[in-house]
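Keep in mind that the numbers below use all heavy atoms, side chains included, and drop hydrogens, waters and symmetry copies.
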Amino acid sequence: MTAEGIATCWGIGRLSPAQGTVASVAAIPLAWALHALGGAWLLIPATLALTALGYIAVDRALAARAAPDTDPKEFVIDEVVGMLIALWPMSIALTLSGAGAEVLPWPGVLFTLALFRFFDIVKPWPIRHAEAAPGALGVMLDDLLAGVFAAILAALAAGAAHGWF
């Protein structure tokens with residue numbers, strides 16, 4: 001697989017005008033599979049490995065372009081990784097509760113998807129600031145932070161819904 005192929009998430013980034021949303025939705029079955037196979041103990045390291053792979057691929061794909069764009073819309077590996085990060089709290093909670101390979105619940109997944117897309121599109125500080133970083137760092141970092149923000153809010157919402165605070 002080429003760097004461009006990985007950066008576009010195996011071509012997903014070329015499928016539609018809403019590439020970021022398509023890639024974020026495509027991350028959901030991947031998260032479910034990883035969670036089902038090994039819970040958070042597999043989802044988290046797989047996300048970290050995909051982050052490293054994505055960074056290297058984006059860096060190489062940007063370098064290969066004659067006039068590199070700062071963040072080509074077809075590069076969506078960052079959205080996949082960001083969405084996986086956003087789902088970490090749900091996977092962690094299910095894993096630690098002993099729920100085992102129970103699938104990630106639809107309402108929580110859809111809520112988390114909406115949060116992630118909100119932060120990825122609106123880009124509040126410091127996400128917008130991270131996007132300005134040069135090269136692959138700027139491409140990846142803003143979506144990683146959007147995933148972290150979505151994860152935090154999703155965890156707080158779940159805690160509030162369950163009366164934990």
Side-chain angles (χ1 to χ4, degrees), residues 1-92 95 104 109-110 112-155:
M1 178 59 60
T2 66
E4 183 93 9
I6 294 168
T8 62
C9 203
W10 300 271
I12 290 173
R14 294 189 175 103
L15 292 179
S16 132
Q19 300 96 326
T21 300
V22 171
S24 300
V25 170
I28 294 170
L30 176 59
W32 275 342
L34 291 168
H35 176 79
L37 290 171
W41 311 127
L42 181 57
L43 177 60
I44 292 170
T47 304
L48 296 175
L50 191 56
T51 301
L53 178 66
Y55 179 87
I56 292 166
V58 167
D59 187 52
R60 289 181 181 171
L62 286 173
R65 292 181 169 211
D69 187 352
T70 56
D71 190 356
K73 292 196 177 293
E74 66 271 16
F75 287 9
V76 293
I77 192 71
D78 51 332
E79 272 88 1
V80 171
V81 171
M83 185 60 195
L84 293 177
I85 290 170
L87 292 169
W88 283 5
M90 193 180 315
S91 180
I92 292 168
T95 301
L104 302 174
V109 169
L110 293 177
T112 303
L113 172 65
L115 286 172
F116 174 68
R117 292 308 298 146
F118 170 80
F119 285 116
D120 187 29
I121 293 166
V122 174
K123 297 189 188 309
W125 185 92
I127 297 170
R128 182 163 308 282
H129 183 69
E131 183 182 41
L137 181 62
V139 172
M140 297 293 291
L141 189 56
D142 67 314
D143 291 289
L144 298 176
L145 287 175
V148 169
F149 277 44
I152 291 168
L153 280 183

Exercise for the section: Name all residues meeting the side chain to side chain contact (heavy atoms under 4.5 Å, CB included) criterion together with A57; count only those two or more places apart in sequence or in a different chain, and write none if there are none. Expected result: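 A3, I6.
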Between [X] and [Y], what is the shortest heavy-atom contact and its length?
X    : Y    : result
G135 : L62  : C-CD1, 3.7 Å
R117 : S24  : CD-OG, 3.4 Å
P124 : F119 : CG-CD2, 3.7 Å
A23  : V80  : O-CG2, 3.6 Å
A154 : L115 : N-CD1, 3.6 Å
S91  : L43  : CB-CD2, 3.6 Å

Minimum side-chain heavy-atom gap [X]-[Y] below 4.5 Å:
X    : Y    : answer
E79  : V22  : no
I85  : T47  : yes
D120 : D142 : yes
V58  : P72  : no
M140 : I77  : yes

Exercise for the section: Pick out which of L113, T112, L30 makes a side-chain contact (heavy atoms from CB on, under 4.5 Å) with L87. Expected result: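 The passing option is T112.
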Distance-only, no hydrogens or angles: does the [X] side chain make a donor-acceptor pair with backbone N or O of [Y] under 3.5 Å?
X    : Y    : value
W32  : L104 : yes
T95  : G39  : no
R128 : V122 : yes

Looking at [atom1] of [X] and [atom2] of [Y], how far apart are the two atoms once the value is rounded to the nearest 0.5 Å?
X   : Y    : atom1 : atom2 : result
Q19 : R14  : CD    : CZ    : 10.5 Å
L34 : L50  : CG    : CG    : 9.0 Å
L84 : D143 : CG    : CG    : 11.5 Å

Handout entry: Heavy-atom neighbours of W10 CH2 exceed 12 at 6.0 Å
Key =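 Counting neighbours around CH2 of W10, more than 12 heavy atoms of other residues, nucleotides or ligands fall under 6.0 Å, so yes.
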Practice task
Please assess Y55 against L137 for the test side-chain contact (heavy atoms from CB on, under 4.5 Å), listing each intermediate value before the final yes or no.
Solution key: CA-CA 7 Å; Y55 179 87; L137 181 62; 4.2 Å; yes
Exercise for the section: Any chance you could lay out the side-chain contact (heavy atoms from CB on, under 4.5 Å) test for L144 and V148, step after step, and finish with the verdict? Expected result: CA-CA 6 Å; L144 298 176; V148 169; 5.7 Å; no
